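Only this structure's heavy atoms are used, side chains among them; waters, hydrogens and symmetry mates stay out. Note that the structure is predicted; figures quoted are calculated from it, not measured.
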Amino acid sequence: MFSSLMPQRKEFFELLAAHSEQVVAGANATLRLINGLGDAGTNLAALVDEVNQHEQNGDQIKAKVISRLHQSFTTPINRDQIHALISDLDMTLNVLQSVANALGMYNIKQSTVEAREMAALSADACMRLNRAVAALGDKSRGEETLNLCKEIEEIESKADKIQHKAITALFQEGANIWQTMKMREFYSLQEAVLDSCQEAAKMIEEILIENS
């Protein structure tokens, strides 16, 4: 019985890494979805379903992490930080799901250069986030992990500039008001993916600093 209360270091890190893999898969499916807009050969509905499935998988992993936090007497790192990190990862998947579902909700049939650029940056940031989470349990990889977090912050900054440019273009003279409103909201959802990645990266940095 006592052994079940001992810290399960490997299990916590494995669950966090498994969730971050779902984030990457969700981001890649969202990228394919946005790039496929207007292409008759792309099964958009299947890609939306794929994103939704990854979000559901993430929910299941998050539930396991929360359950293990309640069951474990001690944890390899601060339990509040574990909870915060899995919540940040889960929020990233939730926003990716919102991006995918917004295409149908707003009846967006064609992509834009900016939407594709932001989707690519989101996939890039999520890939780096996955690598940072996977390395979190290895103290010898601390510098590598911190560099990945810094790269995520740089990607978010780049996406922010693209969003600003895209929204500015929407309000050009003669713009369709309804199209402007729905695309502004869509770009905001895309930026929220990067914001969630950045929040997760900041939590990883906090964990590394506290446990260095």
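- Across Thr145 and Ala132, no two heavy atoms sit closer than the pair CG2-O, 3.5 Å.
- Checked against side chain to side chain contact (heavy atoms under 4.5 Å, CB included), Ala192 has the following partners two or more places apart in sequence or in another chain: Val95.
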query: side chain to side chain contact (heavy atoms under 4.5 Å, CB included) between Asn78 and Ile207: does it pass, once the steps are laid out?
result: CA-CA 8 Å; Asn78 185 296; Ile207 291 170; over 6 Å; no
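- Judged as a salt bridge (Lys or Arg N to Asp or Glu O under 4.0 Å), and not counting sequence neighbours, Glu191 has no contacts.
- For Glu206, the side chain to side chain contact (heavy atoms under 4.5 Å, CB included) partners two or more places apart in sequence, or in a different chain, are Gln81, Met203.
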Please set out all donor-acceptor pairs under 3.5 angstrom arising from side-chain atoms of residues 29-49, sequence neighbours excluded.
| residue | atom | partner | partner atom | Å |
| --- | --- | --- | --- | --- |
| Thr30 | OG1 | Gly26 | O | 2.8 |
| Arg32 | NH2 | Glu50 | OE1 | 2.8 |
| Arg32 | NH2 | Glu50 | OE2 | 2.8 |
| Asn35 | ND2 | Leu31 | O | 3.4 |
| Asp39 | OD1 | Gly41 | N | 2.9 |
| Asp39 | OD2 | Thr42 | OG1 | 3.4 |
| Asn43 | OD1 | Ala45 | N | 3.4 |
| Asn43 | OD1 | Ala46 | N | 3.0 |

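- In this view, Glu55 satisfies the salt bridge (Lys or Arg N to Asp or Glu O under 4.0 Å) rule with no residue, not counting sequence neighbours.
- Under the side-chain hydrogen bond (donor to acceptor under 3.5 Å, both in side chains) criterion, no residue pair touches residues 154-166, with sequence neighbours excluded.
- Here the rule is side-chain contact (heavy atoms from CB on, under 4.5 Å) with Phe13, and of Val133, Ile82, Asp138, Ile77 only Ile77 fits it.
- Applying the salt bridge (Lys or Arg N to Asp or Glu O under 4.0 Å) rule to Glu144 yields the partners Arg141; only residues at least two apart in sequence or on another chain are considered.
- Among residues two or more places apart in sequence or in another chain, the side chain to side chain contact (heavy atoms under 4.5 Å, CB included) test is passed with Lys150 by Glu153, Glu205.
- Annotation: side-chain hydrogen bond (donor to acceptor under 3.5 Å, both in side chains) contacts involving residues 117-134, sequence neighbours excluded, comprise Ser20-Asn130, Asp124-Arg128, Arg128-Glu151.
- Cluster partners of Met181, using a side-chain heavy-atom cutoff of under 4.5 Å among ILVMFWY residues and allowing indirect links, are Ile177.
- Other residues sharing the hydrophobic cluster of Leu148, ordered by chain and number and joined by side-chain separations under 4.5 Å: none, the residue standing alone.
- With sequence neighbours left out, Asn57 forms a side-chain hydrogen bond (donor to acceptor under 3.5 Å, both in side chains) with Gln22, Gln53.
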